[in-house]
There are 2 protein chains.
Amino acid sequence: MTGTGTGGTGAGVRAADEDRVFAALANATRREVLRLLRDEGPQPVQALADHFAMRRPSLSEHLKVLREAGLVTEQRSGRRRIYRLEAAPLAEVQDWLHPYERFWRERLKGLGELLDRMPDDDRP
Amino acid sequence: MTGTGTGGTGAGVRAADEDRVFAALANATRREVLRLLRDEGPQPVQALADHFAMRRPSLSEHLKVLREAGLVTEQRSGRRRIYRLEAAPLAEVQDWLHPYERFWRERLKGLGELLDRMPDDDRP
DNA sequence: AGAATAGGTAGGAGATTCCCTACGCGTCAA
DNA sequence: TTGACGCGTAGGGAATCTCCTACCTATTCT
């Protein structure tokens, strides 16, 4: 929904989305939540909370950050809310990563030095 | 140097490294610095600072965060310090990303629903 | 209906982030 | 040697993060 062409602002929205995703991933608890949803499938909040040494309301706030980054969705089931992994924003992270790939591959082949460009104004 | 097998603690070190990398990427200025070093090659601090509406000491602190995450290295050249992209830690991000890949691919093929597992205790 | 369960929100404390203005240190030019 | 340049660090302030303890609503069970 907040996809590639929402219209109007265009790139500004994308940048904000990107920022939310990277910010969401900047916390170890939230990354662990994503791993749990990936490895154990969709779960209600309490089941997730069992894995952490943190009160449930704190986890609720982490889930909110993940929701606003589009990394999880909730589906209400009675009085519970089943959280599910939404991996699509992670594809954008991979896209962001891609232009760097050749740099670490060069390093691994030991060719890095040869291909580095000097700043071309002066050297000591 | 702070690579895969520093010895002793093992996974603890890795987790701390991972955290530093994700934290470093959580800021748009720092991601832009990485992009500049990637697209324009190694540069001194002032050349980088020209791209930002921020005082140079602030950028220096961003560079420190990137250095401590292993994402850049500095090479002294006279009174200047040439910063260079070190993409290796980004390979670890890609490794982290990899187990999620099948999830967004499933979604794209519209098969997501079929493969989702229920929490297997009860449904409404 | 009343009690228990599931989970979100409010408000606050302490830590961290991100920017700033000084200022210090090393290097190059005059 | 003196001054200008390049860059890092110190210290501080505002904003944000991350955790907490209440507290509220919605649903289910008895």
Side-chain angles (χ1 to χ4, degrees), chain A residues 15-16 18-34 36-37 42-69 71-84 118-124, chain B residues 15-16 18-34 36-37 42-69 71-84 118-124:
Chain A
E18 180 181 278
D19 222 90
R20 264 189 290 269
V21 173
F22 276 109
L25 297 182
N27 180 279
T29 296
R30 290 193 291 264
R31 291 196 302 274
E32 178 66 6
V33 168
L34 295 180
L36 286 167
L37 293 178
Q43 302 175 49
V45 176
Q46 188 56 56
L48 291 168
D50 289 344
H51 293 83
F52 299 97
M54 154 188 320
R55 306 293 173 188
R56 194 192 36 73
S58 302
L59 185 65
S60 264
E61 286 174 24
H62 284 302
L63 289 171
K64 183 178 184 177
V65 173
L66 290 170
R67 247 185 290 127
E68 291 176 346
L71 286 163
V72 303
T73 52
E74 63 166 37
Q75 174 206 350
R76 292 167 134 92
S77 168
R79 59 184 159 183
R80 285 177 303 175
R81 302 180 186 203
I82 311 300
Y83 277 84
R84 174 192 307 271
M118 291 298 283
D120 87 279
D121 55 297
D122 56 347
R123 56 261 180 96
Chain B
E18 181 181 278
D19 221 90
R20 265 188 291 269
V21 173
F22 277 110
L25 297 181
N27 179 280
T29 296
R30 289 191 292 263
R31 290 197 301 275
E32 178 68 6
V33 167
L34 295 179
L36 286 166
L37 294 178
Q43 302 175 50
V45 176
Q46 187 55 57
L48 291 168
D50 288 344
H51 293 83
F52 299 96
M54 153 186 324
R55 305 293 173 188
R56 194 192 35 74
S58 302
L59 186 65
S60 264
E61 285 174 25
H62 284 304
L63 290 171
K64 184 179 184 177
V65 173
L66 290 170
R67 247 185 289 127
E68 291 174 348
L71 286 163
V72 303
T73 52
E74 64 166 36
Q75 175 207 351
R76 292 168 134 92
S77 168
R79 58 185 160 181
R80 285 175 303 175
R81 304 183 185 200
I82 310 300
Y83 277 84
R84 173 192 309 271
M118 292 297 283
D120 87 280
D121 56 295
D122 55 349
R123 57 260 180 98

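The sequence lines fix the lettering, A, B, ..., with proteins before strands; numbering per chain opens at 1.
Of the listed nucleotides (D/dC7, C/dG7, D/dA22), D/dC7 has the atom at the smallest distance from the side chain of B/Ser60. Out of C/dC20, C/dC18, C/dT27, the shortest distance to the side chain of B/Arg55 is found at C/dC20. Ranking C/dC18, D/dC29, C/dC28 by closeness to the B/Arg79 side chain, first place goes to C/dC28. Counting only heavy atoms from C-beta on, B/Pro57 has its side chain closest to C/dT21 among D/dG6, C/dT21, D/dT18. Nearest to the side-chain atoms of A/Glu61 among the listed nucleotides D/dG6, C/dG11, C/dG8 stands C/dG11. In the set C/dC19, C/dG8, D/dC20, D/dC20 carries the atom at the smallest distance from any side-chain atom of A/Met54. Side-chain atoms of B/Arg81 lie closest to D/dC7 of the nucleotides D/dC7, D/dC20, C/dG7.
Rounded to whole Å, the distance from CG on B/Leu63 to C1' on C/dC18 is 14 Å. Atom CZ of B/Arg67 is separated from atom C1' of D/dT9 by 11 Å (rounded to the nearest Å). Across the protein-nucleic acid pair, B/Leu66 atom CG and D/dG8 atom C1' stand 15 Å apart, rounded to whole Å. Following rounding to the nearest Å, B/Gln43 (CD) and D/dG6 (C1') show an atom-to-atom distance of 15 Å. If you measure from atom NZ of B/Lys64 to atom P of C/dC19, you get 16 Å, rounded to the nearest angstrom. Distance B/Arg31 CZ to C/dC18 P: 11 Å, rounded to the nearest Å. One can place CZ of B/Arg80 at 14 Å from P of C/dT27, the figure rounded to the nearest angstrom. When rounded to the nearest whole Å, the span between CD of B/Glu74 and P of D/dC7 equals 10 Å.
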- Query: Between B/Val72 and B/Leu34, is a side chain to side chain contact (heavy atoms under 4.5 Å, CB included) present by the stated rule, with each step listed?
  - Reply: CA-CA 8 Å; B/Val72 303; B/Leu34 295 179; 4.0 Å; yes
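Under the 3.5 Å distance criterion, the side-chain polar atoms of A/Arg30 are matched with a main-chain donor or acceptor of A/Ala23.
Within the model, atoms OG1 of B/Thr73 and CD1 of B/Ile82 stand 11.0 Å from one another, a figure rounded to the nearest 0.5 Å. Note: A/Arg81 CZ to A/Gln46 CD = 14.0 Å, rounded to the nearest 0.5 Å. In this structure, CZ in B/Arg31 is found 11.0 Å from CG in B/Leu66, a value given to the nearest 0.5 Å. Note: A/Gln75 CD to A/Ser77 OG = 6.5 Å, rounded to the nearest 0.5 Å.
Side-chain nitrogen and oxygen atoms of A/Tyr83 include none within less than 4.0 Å of the OP1 or OP2 phosphate oxygen of C/dA6. Distances shown here put a side-chain N or O of A/His62 below 4.0 Å from the OP1 or OP2 atom of D/dC19. Within the 4.0 Å cut-off from OP1 or OP2 of D/dC20, at least one side-chain nitrogen or oxygen of A/Ser58 is found.
At a threshold of 4.0 angstrom between heavy atoms, the contacts of B/Phe52 with the nucleic acid are absent.
For DNA chain D, the neighbouring residues in residues 19-30 of chain A, judged by any heavy atom under 4.0 Å, are A/Asn27, A/Arg30.
Side-chain atoms of A/Arg56 come within donor-acceptor range of the base of C/dG7, with a qualifying N/O pair under 3.5 Å.
Contact annotation: the side chain of B/Arg67 approaches that of B/Tyr83 to within less than 4.5 Å [non-hydrogen atoms, C-beta and beyond].
Salt bridge status for B/Arg76 with B/Glu74: present, with a side-chain N to carboxylate O gap under 4.0 Å.
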